[in-house]
Amino acid sequence: MQRDLVRQFFYDMLLARLFEQAAAEQYVQGNIAGFLHLYPGEEAVAVGTLRAADPGDYVVSTYREHVHALVRGVSADAVMAELFGRVGGCSRGYGGSMHLFDVQRRFLGGYAIVGETLPIAIGVGYRLAMNGARDAVLCYFGDGAVNQGTFHESLNMAALWKLPVLFICENNHYQIGTEIHRHSAMAEIYRRACAYGMAAKRVDGMDVLAVYGAARAALEHVREGLGPYLLECETYRYRGHSMADSGAYRSALEVAELQARDPLLTLRARAVEEGWIAAAEIEALEEKAQQAVESAVRFAAQSPPPDDMYHGVYAQPVDLYRGQP
Amino acid sequence: MAVMMYWEAIRRAQDEELARDPMVIVMGEDVGVAGGTYKATKGLYEKYGAERVIDTPISENGFTGLGIGASFIGVRPIIEIMSVNFAWLAMDQIFNSAAKVRYMSGGQLEAPVVIRSPGGTAHQLGAQHSARMEKVFMGVAGLRVVTPSNPRQAYGLVKSAVRCNDPVFINEHELMYNMKGEVPDEEYFHPLEGSEVARQGRDVTLFGYNISVHWCLEAAEFLASHHGIDCEVVDLYSLSPLDRAGIKASVSKTHRAIIAEEAEAPVGVGSEVMAIINEECFFELDAAPVRVSARNVPIPYNHRLEKAAIPGAKDVVHAVLKMFGKQ
């Protein structure tokens, strides 16, 4: 394993963890409103898959997408300012926590309707296929989305037309408060791909190195024109579904078991043991991530709110009076 | 000017746009090999191929979303949904993605898609194939809704919709595809906003759109020849945005208004036009505005009941006569 890559994974996951902790604090303080869906526990999925992608690839994500945006290269400042609803945000304050966009980085958004990312992603894939490009689309969704019609509709069309889409299921085993065996007749999600003759794999989503390896192979398959791929990453969220959810439907034992497999701590221990990162370097990275997050909060707090109510509703402003007073 | 049928006008517009821009695609159920349920895509598959004239699975939300996603990065899809009754299945993608993406992305993305779909009561198609839903679409910010009443508008509205960077829903009517009318020989772009005065008049304004424009025109002829009432007919081809200025101008002239719509009255085009009249020219009215609309029922299958459920020219005539105290 390349040392630089491991260092990158570690920093990404560290920044993700600290960023989300800061977001929770800012939510409690009243600086962030609405729903806020945090990612701690799932970091290995976003980091492992997005670090396997190329800059030319497109990303379509869900409402739990702060970390996807960060790993894709959107600055912590721009993500935090969006959570604050300020013009410095990556969606200029019009999107909020669930609607982060950065077209320059081909980050085509966070979508807040469960299962909505799949048709969007195959549409982007259709455009890429028209071009014959080697670019791919990374499409994220949770285990809750696989029982939406759009999951099946999109897998069918993607396989039918051999679209370059990597479907990434972030299986955290809960659709809000309902455990997967209570919402899915087939809880091994990757097996659903066989209904569409699609390649698929299940990977330990708590292990960033495993996710990265699986995502690299899957993207290669997609780029080779062999059709779409479904990668199921088994993971866990340590917090509730959103800040409004305590997660009380899960046993303390279950949470403790999964915390023992914390993807960030696991990587840190292994990296030190293998000699990939020196202990002193870890401290420096922690300091750097902490400063980035603190700076993001300061940036967000100072960024002004957007003031144009009607910006972007239509391409051209609608004049209902057609120039008449 | 050539005389052509409504479906031919739509087909011509799509053909021209496909020929002009390789990023224009047409997609929907049976639009390709089969040539389209109402022939609006006839011959396009042979001309432009399977990649640009796409026969989709029966997955309305999925393929509408595919078109919307493709439009985010440069494709200009014309999506045909075989019936508006099936468009309900695609509402998540139309409302939540297409209509909102520019706004919620802070102006970074837009969804220049055209969604064409016929609605309305035809010949005993039953409750699940006879509904209209323009009233639902027109209430959503970010979406444009137009509805052609003749082949010229059908041609020009499709042309303009393809060039527009907003998502545009084009509401057609199953009974109108074989309607004939003149269409300019040269390229023609019908405005996506505004309204047209289809008949000048002094005494009362009859507002119609799509098929009900024809009821209004028929009623106006009858009322002029039999009762000496001079009706103005305003064609509201744009339902979103509604032409506030045009509605105001006509009612300020005639001081009376009747709105004819094939849909049931609640939360409809009629209620919206009446609200605009209230807001813009209430004190210029000589009579309370009236709606002519369908009965508030699912459209019945039985022929007699079906006919009784939806209005027509006669109902417009009755409403006018009642307004003038002649009945």
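Throughout, protein chains are lettered first and strands after them, A, B, ... in sequence-line order, and every chain is numbered starting at 1.
When heavy atoms are compared at a cutoff of 4.5 Å, B/Ser238 does not approach chain A at all. B/Pro112 does not touch chain A: none of its heavy atoms, backbone or side chain, sits under 4.5 Å away. Only the side chain of B/Ile54 has a heavy atom closer than 4.5 Å to any heavy atom of chain A. For B/Val140, the part lying under 4.5 angstrom from a heavy atom of chain A is the backbone only. Only the backbone of B/Ala50 has a heavy atom closer than 4.5 Å to any heavy atom of chain A. Using a 4.5 Å cut-off between heavy atoms, B/Ile25 touches chain A through its side chain atoms alone.
Between chain A and the residues B/Leu242, B/Asn165, B/Leu109, B/Ile68, the largest count of heavy-atom pairs under 4.5 Å involves B/Leu109. Note: B/Glu193 leads B/Lys100, B/Arg52, B/Glu193 in heavy-atom pairs under 4.5 Å with chain A.
Here the closest non-hydrogen pair linking A/Glu153 and B/Glu60 is OE1-N, 4.3 Å. Considering every non-hydrogen atom in both A/Asp102 and B/Gln108, the closest pair reads CA-OE1, 3.4 Å. Nearest heavy atom pair, residue B/Arg244 against residue A/Leu320, reads CB-O, 3.4 Å. Contact detail for B/Gly69 and A/Val124: the closest heavy-atom pair is O-CG2, 3.6 Å. Closest approach of A/Ala315 to B/Asp166, counting heavy atoms only: N-OD1, 2.7 Å. Scanning all heavy atoms of the two residues, the minimum distance from B/Gly142 to A/Tyr314 falls at N-OH, 3.2 Å.
For the pair B/Arg102/A/Val313, no side-chain contact is recorded, criterion being any heavy-atom separation below 4.5 Å from C-beta on. Residues A/Val318 and B/Arg144 meet the side-chain proximity criterion, which asks for heavy atoms closer than 4.5 Å. By the 4.5 Å heavy-atom criterion applied to side chains, A/Ser91 and B/Met104 are not counted as neighbours. For the pair A/Ile113/B/Phe95, no side-chain contact is recorded, criterion being any heavy-atom separation below 4.5 Å from C-beta on. Using a 4.5 Å heavy-atom threshold, the side chains of B/Ile73 and A/Leu108 count as touching.
Taking the six-membered ring where tryptophan is involved, the planes of B/Phe72 and A/Tyr111 are essentially parallel, since the angle between them stays under 30° and well short of 60°.
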